[in-house]
Number of protein chains: 2
Amino acid sequence: MKEGPDIARIAALIGDPARANMLAALMSGKALTATELAAEANITPQTASAHLRKLSESKLLRPRKQGRHKYYEITDEHVADVVSGLMGLAEKAGHSRTRTGPSDGALRHARSCYNHLAGDMGVWLFEGMCSKGYLSRNGDDLMLTPTGWAFVEALGIDLTSVEKKASPLCRECLDWSVRRSHLSGNLGRAILARFETLGWAKRDISSRAVLFTEQGQSAFDQLFE
Amino acid sequence: MKEGPDIARIAALIGDPARANMLAALMSGKALTATELAAEANITPQTASAHLRKLSESKLLRPRKQGRHKYYEITDEHVADVVSGLMGLAEKAGHSRTRTGPSDGALRHARSCYNHLAGDMGVWLFEGMCSKGYLSRNGDDLMLTPTGWAFVEALGIDLTSVEKKASPLCRECLDWSVRRSHLSGNLGRAILARFETLGWAKRDISSRAVLFTEQGQSAFDQLFE
DNA sequence: TCCACACTTCGCTCTGGGCCGAAGCATTTG
DNA sequence: CAAATGCTTCGGCCCAGAGCGAAGTGTGGA
């Protein structure tokens, strides 16, 4: 016994309320500065600094210095997946941070999860693309079919620039509110970004909610009807 | 802010060394008694009892009373997935519990992960079945193709009994040592069980290692050559 | 019936680690 | 060059919670 990796270390890292709040805030996919994260966790900058150092040392966060600011972001999709998974377990166990605040409904409808679309809208997007034959599974990962390729380009996304990034084009992500998969990976991120530039949706600043405009919502609905 | 599920609670739960050791031990998929788990974590039964109560209350473990024993097992695949994910992160961060003990190599070669085969052998099984066309992805989950169906039955597994269980037949699991998917779900469990009854492999008692016999190994290799 | 064993509850101790105040660097701005 | 701002280091306080001993409950076997 006592072989294998030490789960306790990283789990304890995530298990501190302050650090967990920081991670949850970063799950939007945006990079945040140390002081912003301190505010998010309701602690002083000194304390936040210590936390962020630990999170970086264990490769959960990746720091980027920019002038006198220091931006932090979630290291990669593996970290995001684990945090997502933990949210799922917490939800099922009935551990919620507040008694279901007002924006909770909005979060369940649409939110950003590591820069891609999650919540009901995310699931609809994913399942719509599957049922239309835009996505297919093949071997180890999701594939964008030729018709799917055309669909995405018709949205105005330049796939050649998206495709050459290192991380995979399509992935699935299982999020907490809907126990279903939705589209993640570079394509997932590109689509959410495209929705924003098209003016279909915009992100709420203080929460992870994604707010669709009326036109945006109906345009979205037409894609899969 | 402060919306959504409270990750910190469950992460802290997993983050205690004693509880983490218990969970790691249970990741083999076997159900263990309270005293066995206490020994696994190097603590007294009293302390273990308190830990196990918390883990059960948060739905991470599922207790089953049997006579004067109380068996605990991992609640479901969602929990197993998160623990697997944490192992992956810990491995990448360089957090290992010992300085790579002797059985570490065996664990990387083949081990049980929530009752299915993981490690190199697990990946070979999964990728072999994919490349032979036994498995295909379709919509939201893995499908066993007709030829795959025949392959599994030829192994001597009664698929009709496996299929009627509630949890899905095929799933993927990403484990820590090989950053690749391997076959999970009911079929994954049935196959490992079949390997054991065929005498191809047996589980090490004190670790999660799965030891293949020489004949078992070569029989396995012939399946996919 | 009595003992052995598995598990639980209670009360207590003690330490690891989160938190802040104060002070120290670094970078931008005026 | 100051002054302001963002981040970090140091030192000390404090408490949640993990741990155990002792004693209680329930089940199984002789």
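Below, chain A is the first sequence line, B the second, and so on; all start at residue 1.
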Tell me the interatomic distance from [X], atom [atom1], to [N], atom [atom2], rounded to whole angstroms.
{"X": "B:Asn21", "N": "D:dA18", "atom1": "CG", "atom2": "C1'", "answer": "14 Å"}
{"X": "B:Glu57", "N": "C:dT8", "atom1": "CD", "atom2": "C1'", "answer": "13 Å"}
{"X": "B:His69", "N": "D:dT27", "atom1": "NE2", "atom2": "P", "answer": "13 Å"}
{"X": "B:Gln66", "N": "C:dC7", "atom1": "CD", "atom2": "P", "answer": "12 Å"}
{"X": "B:Leu37", "N": "C:dC7", "atom1": "CG", "atom2": "P", "answer": "9 Å"}
{"X": "A:Met22", "N": "D:dC7", "atom1": "CE", "atom2": "C1'", "answer": "13 Å"}
{"X": "B:Tyr71", "N": "C:dC7", "atom1": "OH", "atom2": "P", "answer": "9 Å"}
{"X": "B:Arg53", "N": "C:dT8", "atom1": "CZ", "atom2": "C1'", "answer": "10 Å"}

Contacts table for residues 5-18 of chain A: side-chain donor-acceptor under 3.5 angstrom, sequence neighbours left out:
unit_1  : atom_1 : unit_2  : atom_2 : d
A:Asp6  : OD1    : A:Ala8  : N      : 3.2
A:Arg9  : NH2    : B:His95 : ND1    : 2.9
A:Asp16 : OD2    : A:Ala18 : N      : 3.0
A:Asp16 : OD2    : A:Arg19 : N      : 3.2

Reading nucleotides 17-27 of chain C from the 5' end, what letters show protein touch, with B for base, S for backbone sugar-phosphate only, - for no heavy atom under 4.0 Å? -SSBBB----B

What verdict does the salt bridge (charged side-chain N to carboxylate O under 4.0 Å, His left out) test give for A:Glu36 and A:Lys30, after you've listed the backbone C-alpha separation in whole Å, the side-chain angles of each residue and the deciding distance to 0.1 Å? CA-CA 12 Å; A:Glu36 285 171 327; A:Lys30 289 186 297 188; over 6 Å; no

Indicate, with a heavy-atom threshold strictly under 4.0 Å, whether B:Tyr72 touches base, sugar-phosphate, or nothing.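 Answer is sugar-phosphate: B:Tyr72 comes under 4.0 Å of backbone atoms only.
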
Go through the structure and list residues passing side chain to side chain donor-acceptor pair (under 3.5 Å) with A:Thr44, not counting sequence neighbours.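 A:Thr44 satisfies side chain to side chain donor-acceptor pair (under 3.5 Å) with A:Gln46, A:Thr47 only.
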
Quick one: do A:Leu183 and A:Leu117 satisfy side-chain contact (heavy atoms from CB on, under 4.5 Å)? Show the steps, please. CA-CA 7 Å; A:Leu183 186 62; A:Leu117 190 61; over 6 Å; no

Is there a donor-acceptor pair closer than 3.5 Å between any side-chain N or O of B:Thr213 and the backbone N or O of B:Trp200?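 Side chain of B:Thr213 to backbone of B:Trp200: a pair is present.
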
State whether the side chain of A:Asp76 and the backbone N or O of A:Val79 hold a donor-acceptor pair below 3.5 Å, judged by distance alone.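 Yes, the answer is positive, given that a donor and an acceptor are paired below the 3.5 Å cut-off.
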
For residues 66-75 of chain B, pull every pair meeting salt bridge (Lys or Arg N to Asp or Glu O under 4.0 Å), keeping only residues two or more places apart or in separate chains.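 Found B:Arg62-B:Glu73.
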
Pairs touching residues 46-55 of chain B that satisfy salt bridge (Lys or Arg N to Asp or Glu O under 4.0 Å), sequence neighbours left out: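 Non-adjacent pairs meeting salt bridge (Lys or Arg N to Asp or Glu O under 4.0 Å): B:Arg53-B:Glu57.
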
Evaluate the ring planes of B:His116 and B:His182, with Trp represented by its six-membered ring, and classify them as parallel (under 30°), tilted (30 to 60°) or perpendicular (over 60°).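 Ring orientation, 0 to 90° scale: tilted.
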
Of all of residues 28-36 of chain B, which get a heavy atom below 4.0 angstrom from DNA chain D, listed by number?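 Heavy-atom cutoff 4.0 Å gives no residues at all.
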
